[in-house]
Q: 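Questions regarding the structure given below will be posed in turn.
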2 protein chains.
Amino acid sequence: METRIERIKKQLHSSSYKLTPQREATVCVLLEHEEDHLSAEDVYLLVKEKSPEIGLATVYRTLELLTELKIVDKINFGDGVSRYDLRTEGAAHFHHHLVCIECGSVDEIQQDLLDDVEELVERDWKFKIKDHRLTFHGICYRCQEKKQQK
Amino acid sequence: METRIERIKKQLHSSSYKLTPQREATVCVLLEHEEDHLSAEDVYLLVKEKSPEIGLATVYRTLELLTELKIVDKINFGDGVSRYDLRTEGAAHFHHHLVCIECGSVDEIQQDLLDDVEELVERDWKFKIKDHRLTFHGICYRCQEKKQQK
DNA sequence: TTGGGTGCAAAATCTTTGCAATCAT
DNA sequence: ATGATTGCAAAGATTTTGCACCCAA
């Protein structure tokens, strides 16, 4: 069984990039925090714990590289920082997000949901869709429960 | 017939804000460029043409205020700057965007499209939706035509 | 006169870049 | 040797903030 990191290594190699120790450490952090939505700074601090010599610029360059290769997606929830999210392996499309305006949590929706909408947009707007970003802002189930208890 | 700016003035007043000349000039620019997706800097330069004494900070503060009052929406297409988009009057939901990865154009989709999806998300994820952001990245019809001609 | 609003400049944030040093082949 | 990669510091870009001044109620 091939590991996730090995497959990423191959993806890098097939574009003539190397999986350096710094890049590997960065990817590991992303894998270990797949549920989170880390900023470059977040990633940097986490990588530093295990590889203290790494520089912030390297993290930025690595994240940029991974974005180019479509291994991660760069997203922005409107708080001034870019966040980086591992693409779900094998998924045809980028997953969606539920941002809670009360507690700030970010949940993911892996299910596609947009098939019909995309078909309509391609047909009626003559737009060839390559990627999408869908984010809902609202109140997560946890905060709704908290409110009901009051 | 009440003008758009008069209605915005009332919205400001009902939250005890004034429509100062600077704010009015800023809103006017937004109204005159409703189809565009201006950054704060863009707005600043346009406002300056008619009100040269305005400061960039005032533009930022005005845009923030208008965002709070839900008169404009702050959006981010991943190019490092926030853009400000007048909400369509009377529209229940924020409109969607088509960003062309070839020419950088941004077209708008006013049609809602997400009714079914939102119903499903509210039901299955127990998420109370307050707002959404949907952006498609791809190739606009203009660039597709250009390619075919080659 | 009083508090909101403004302009300016400085500060704060986030991100990119130049460059010398280092590494792997 | 050679070209890719790195760390550091500096530069860039965007946005926010402090503060004195101004203005309308």
Side-chain angles (χ1 to χ4, degrees), chain A residues 8-29 37-69 71-85, chain B residues 8-9 11-29 37-69 71-85 104:
Chain A
I8 290 173
K9 186 172 182 175
K10 283 189 182 169
Q11 280 182 266
L12 286 174
H13 286 169
S14 71
S15 300
S16 355
Y17 294 112
K18 298 170 199 161
L19 183 62
T20 62
Q22 289 90 336
R23 287 177 183 165
E24 183 165 2
T26 304
V27 170
C28 278
V29 162
H37 299 82
L38 305 175
S39 67
E41 184 82 27
D42 293 336
V43 174
Y44 171 62
L45 292 174
L46 288 165
V47 174
K48 264 208 138 175
E49 289 177 9
K50 297 198 178 170
S51 312
E53 72 295 347
I54 202 169
L56 179 56
T58 301
V59 171
Y60 270 103
R61 285 186 282 231
T62 300
L63 292 171
E64 190 192 5
L65 178 61
L66 295 173
T67 304
E68 244 172 55
L69 298 180
I71 293 166
V72 306
D73 272 303
K74 192 175 175 180
I75 43 175
N76 196 301
F77 294 130
D79 60 349
V81 293
S82 293
R83 299 179 178 278
Y84 298 85
D85 207 353
Chain B
I8 290 173
K9 186 173 184 175
Q11 281 183 266
L12 286 173
H13 286 167
S14 70
S15 300
S16 357
Y17 294 112
K18 299 170 199 163
L19 183 64
T20 62
Q22 290 89 336
R23 288 178 183 165
E24 183 165 2
T26 303
V27 171
C28 278
V29 162
H37 298 83
L38 305 175
S39 67
E41 184 82 29
D42 294 337
V43 173
Y44 172 62
L45 293 173
L46 288 165
V47 173
K48 264 210 138 175
E49 290 177 8
K50 297 197 177 168
S51 312
E53 73 294 347
I54 202 169
L56 179 57
T58 300
V59 171
Y60 269 103
R61 285 187 281 233
T62 300
L63 291 171
E64 190 193 4
L65 177 60
L66 295 172
T67 304
E68 244 172 56
L69 298 180
I71 292 165
V72 306
D73 273 302
K74 193 174 175 181
I75 41 176
N76 197 299
F77 294 128
D79 60 349
V81 292
S82 293
R83 300 180 178 277
Y84 298 85
D85 207 353

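None of these values were measured; they are calculated from a predicted model. Convention: sequence-line order gives letters A, B, ...; per-chain numbering from 1.
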Q: Ignoring hydrogens and angles, write down the donor-acceptor pairs under 3.5 Å from the side chains of residues 40-52 of chain B, residues two or more places apart or on other chains.
A:
from, atom 1, to, atom 2, distance (Å)
B:D42, OD1, B:S39, OG, 3.4
B:D42, OD2, B:S39, N, 2.9
B:D42, OD2, B:S39, OG, 3.1
B:Y44, OH, B:K48, NZ, 3.2

Q: Whole angstroms only, please: what is the NZ-P distance between B:K74 and D:dT14?
A: 14 Å
Q: Could you measure the distance from the OG1 atom of B:T26 to the CG atom of B:L66? Nearest 0.5 Å is fine.
A: 7.5 Å
Q: For B:Y60 and D:dT17, what is the distance between atoms OH and C1' respectively, to the nearest whole Å?
A: 13 Å
Q: Base, sugar-phosphate, or nothing for A:S39, non-hydrogen atoms under 4.0 angstrom?
A: nothing
Q: Distance from A:I75 atom CD1 to A:R83 atom CZ, nearest 0.5 Å?
A: 8.0 Å
Q: Quick check on the helix from C:dT1-D:dA25 to C:dT25-D:dA1: what's the angle between its two end axes, five base pairs per end, to the nearest 10°?
A: 20°
Q: Between NE2 of A:H37 and CG of A:D73, what distance do you get to the nearest 0.5 Å?
A: 10.5 Å
Q: What N/O pairs connect the protein and nucleotides 21-25 of chain D at under 3.5 Å? Give each pair on its own line.
A:
none

Q: Identify the 5'-most and 3'-most nucleotides of DNA chain C with at least one atom closer than 4.0 Å to a non-hydrogen atom of chain B.
A: C:dG5 to C:dC8
Q: So which of A:D85, A:V72, A:T62 actually passes side-chain contact (heavy atoms from CB on, under 4.5 Å) with A:T67?
A: A:V72
Q: Under the rule for side chain to side chain donor-acceptor pair (under 3.5 Å), what residues qualify as partners of A:K10, not counting sequence neighbours?
A: A:E2
Q: Side chains of A:L38 and A:V29: closer than 4.5 Å at any heavy-atom pair?
A: yes
Q: So which protein N/O to nucleotides 6-8 of chain D N/O distances come out below 3.5 Å?
A:
from, atom 1, to, atom 2, distance (Å)
D:dT6, OP1, A:T20, OG1, 2.5
D:dT6, O3', A:Q22, NE2, 2.9
D:dG7, OP1, A:Q22, NE2, 3.3
D:dG7, OP1, A:E53, O, 3.2
D:dG7, OP2, A:G55, N, 3.1
D:dG7, OP2, A:T58, OG1, 2.3
D:dG7, N7, A:R61, NH2, 2.8
D:dG7, O6, A:R61, NH2, 3.3

Q: Measure the distance from CG on B:D42 to C1' on D:dT15 and round it to the nearest whole Å.
A: 15 Å
Q: Does the side-chain contact (heavy atoms from CB on, under 4.5 Å) test come out yes or no for B:T58 and B:R61, once each step is laid out?
A: CA-CA 5 Å; B:T58 300; B:R61 285 187 281 233; 4.3 Å; yes
Q: Counting neighbours of OH on A:Y17 that are heavy atoms of other residues, nucleotides or ligands and sit closer than 6.0 Å, is the number greater than 12?
A: no
Q: To the nearest 0.5 Å, what is the distance between NZ on B:K9 and NZ on B:K18?
A: 12.5 Å
Q: Nearest 0.5 Å please: distance from the CZ atom of A:R23 over to the CD1 atom of A:I54.
A: 10.5 Å
Q: Once you round to the nearest 0.5 Å, how far does CD1 of B:I8 lie from CG of B:L69?
A: 10.0 Å
